[in-house]
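Computation of the quantities below employed the complete heavy-atom set of this structure, encompassing side-chain atoms and omitting hydrogens, waters and symmetry-equivalent molecules.
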Amino acid sequence: MSDNKASLTVGGEAKDYAIMDGTVGPQVIDVRKLYANTGMFTYDPGFTSTASCESGLTYIDGDAGVLLHRGYPIGQLAEQSSFMEVCYLLLNGELPSKSELADFTNTITRHTMIHEQLTAFFRGFRRDAHPMAIMVGVVGALSAFYHDSTDINDPEQRRIASHRLIAKMPTIAAMAHKYSVGQPFVYPRNDLSYTANFLRMTFSVPAEDYIPDPVIVDAMDKIFILHADHEQNASTSTVRLAGSSGANPFACIAAGIACLWGPAHGGANEAALNMLREIGTVDRIPEYIARAKNKDDPFRLMGFGHRVYKNYDPRATVMQKTAKDVLEKLGVNDPIFDVAKELEQIALNDPYFVEKKLYPNVDFYSGVILSAIGFPTEMFTVLFALARTVGWVAQWNEMISDPAQKIGRPRQLYTGPTERDYVPVDAR
């Protein structure tokens with residue numbers, strides 16, 4: 001808490017409000033007593049100027065292009081760490097020792113199986129169901145199978161539920177894909193890494209096993225790390241809001257998945273890939289660049305710029321190199337990847353894009369990588385949910401442990417009719 005105060009004068013009466021300091025980032029005015037003091041609320045659509053909680057997990061400085069997890073720069077984590085290490089870091093606050101990482105990895109590995117009755121749950125969906133629809137339903141249903149980890153007041157049950165969600169999400173995601181393409185489910189194997197296991201469950205078939213390529217495994221691990229947490233975004237805030245009511249963790253994560261499904265949130269990489277397909281060939285790029293610069297044209301370049309980052313998205317730096325490694329390894333011959341590479345170079349050098357800081361973001365590169373690996377576009381948001389689960393779980397745990405946390409209850413500016421008397425239907 002800062003010694004400084006913010007003064008607000010309403011109706012000629014001034015009241016002081018404490019200014020709170022974080023370890024880094026903007027100061028925050030504590031307005032918890034604003035209504036009691038003034039009879040007024042603040043008006044902040046989207047809560048873009050409102051801090052809804054205290055958190056020690058992730059810090060973003062969009063102007064400087066900084067993303068830290070527990071203080072560690074995202075670039076260092078993506079290049080030098082593993083997804084399991086980042087999961088441990090987000091959950092526990094510190095990087096694990098060698099033995100701690102081995103124990104944690106073993107715990108997650110031993111939880112990757114799902115209850116066999118859950119496999120029957122999948123068959124209740126239509127064959128053409130979107131994989132995200134399946135994810136919302138199946139993850140929410142986990143609470144019906146794991147009663148021993150739904151008591152949110154028991155730290156041990158919270159820990160078990162956290163491990164189960166992180167471990168079972170790849171299995172559920174792979175099964176959602178298999179069901180949507182009409183292939184049999186592939187069960188997890190304990191001798192594979194978290195990411196390699198997911199790739200095998202997704203692409204293996206009974207007639208031919210899938211041997212994960214180290215380059216592809218490394219690329220997917222990086223994608224998972226880069227999507228693990230991103231501060232108080234829409235889906236994370238949804239998880240916290242659901243959790244504030246005391247809902248069980250499986251229901252809270254299902255709520256987060258539902259929010260992530262929205263095209264304004266989790267569908268950005270799919271939109272970027274669809275844009276590349278619309279452009280089609282390199283020779284059509286100038287036409288679309290001209291359209292993007294035309295304010296009267298509704299066309300927008302997807303995968304460029306970011307609502308939070310007013311500089312280069314730090315995650316995109318890692319994805320840029322990873323995309324090149326994957327395309328080179330797979331030798332993919334597809335015109336959209338040529339379009340992506342040419343469009344990237346134009347955006348990095350064209351004064352219009354440089355001036356407006358419309359740099360390629362993580363969604364631009366991740367869509368290209370996932371498509372090259374073989375994921376259909378409807379699976380892109382599923383992969384986002386898989387990676388983000390650890391962030392949601394860590395944020396949920398932090399919220400439950402915060403003594404200052406209350407049930408979420410946003411206020412409103414009411415603009416409807418004033419009180420009026422009911423008129424019987426015959427008299428209307």
Under the side-chain hydrogen bond (donor to acceptor under 3.5 Å, both in side chains) criterion, do E54 and Q405 qualify, and how do the steps go?
CA-CA 9 Å; E54 287 188 35; Q405 184 64 39; over 6 Å; no
W261 vs T381, side-chain hydrogen bond (donor to acceptor under 3.5 Å, both in side chains): CA-CA, chis, key distance, verdict:
CA-CA 7 Å; W261 193 1; T381 315; over 6 Å; no
side-chain hydrogen bond (donor to acceptor under 3.5 Å, both in side chains) for H69 and T58? Distances and angles first, verdict last.
CA-CA 5 Å; H69 288 328; T58 299; 3.0 Å; yes
Does E344 form a side-chain hydrogen bond (donor to acceptor under 3.5 Å, both in side chains) with Y365? I'd like the steps, not just the answer.
CA-CA 9 Å; E344 173 196 33; Y365 294 111; 2.5 Å; yes
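Under the 4.5 Å side-chain criterion, counting only non-hydrogen atoms from C-beta, F122 is in contact with F185. Taking the side chain as every heavy atom from C-beta outward, L118 and L142 approach each other to under 4.5 Å. Contact annotation: the side chain of M169 never approaches that of F198 to less than 4.5 Å [non-hydrogen atoms, C-beta and beyond]. M135 is not listed as a side-chain neighbour of M175, based on a closest heavy-atom distance of 4.5 Å or more. Within the 4.5 Å cutoff, side-chain heavy atoms of L301 are placed close to those of F353.
N248 contributes no side-chain N or O that, together with a main-chain N or O of T150, makes up a donor-acceptor pair within less than 3.5 Å. A donor-acceptor pair under 3.5 Å is absent between the side-chain atoms of T50 and the main chain of F47, judged by distance alone. Remark: side-chain polar atoms of K222 are not paired, donor with acceptor, to backbone N or O of T322 under 3.5 angstrom. The backbone N or O of F41 lies less than 3.5 Å from no partner atom in the side chain of R411, so there is not a single donor-acceptor pair. Of the possible polar contacts, none joining the E278 side chain to the M275 backbone as a donor-acceptor pair under 3.5 Å is found.
The environment of I346 atom CD1 is dense: over 12 non-hydrogen atoms of other residues, nucleotides or ligands sit within 6.0 angstrom.
If you take CD1 on I19 and NZ on K5, they are separated by 9.0 Å, rounding to the nearest 0.5 Å. One distance of note links CD of E231 with OG of S237; it measures 8.5 Å at 0.5 Å rounding.
Residues Y359 and F304 keep their aromatic ring centres 6.0 Å or farther apart. F380 and F375 have their aromatic ring centers separated by at least 6.0 angstrom.
Using bins of under 30°, 30° to 60° and over 60° for the plane-to-plane angle, the ring pair F224/Y194 lands in the perpendicular bin. Ring-plane geometry between Y210 and F203 is classed as tilted, the angle between the planes lying from 30 to 60 degrees on a 0 to 90 degree scale.
Residues E398 and S55 bring a donor and an acceptor atom of their side chains to less than 3.5 Å of each other.
Using a 4.0 Å cut-off between charged nitrogen and carboxylate oxygen, D209 and R189 count as a salt-bridge pair. Of the charged side-chain nitrogens involved, none lies within less than 4.0 Å of a carboxylate oxygen, so that K329 and D325 do not count as a salt-bridged pair.
A side chain to side chain donor-acceptor pair (under 3.5 Å) check over residues 125-147, counting only residues at least two apart or in different chains, returns the pairs R126-D128.
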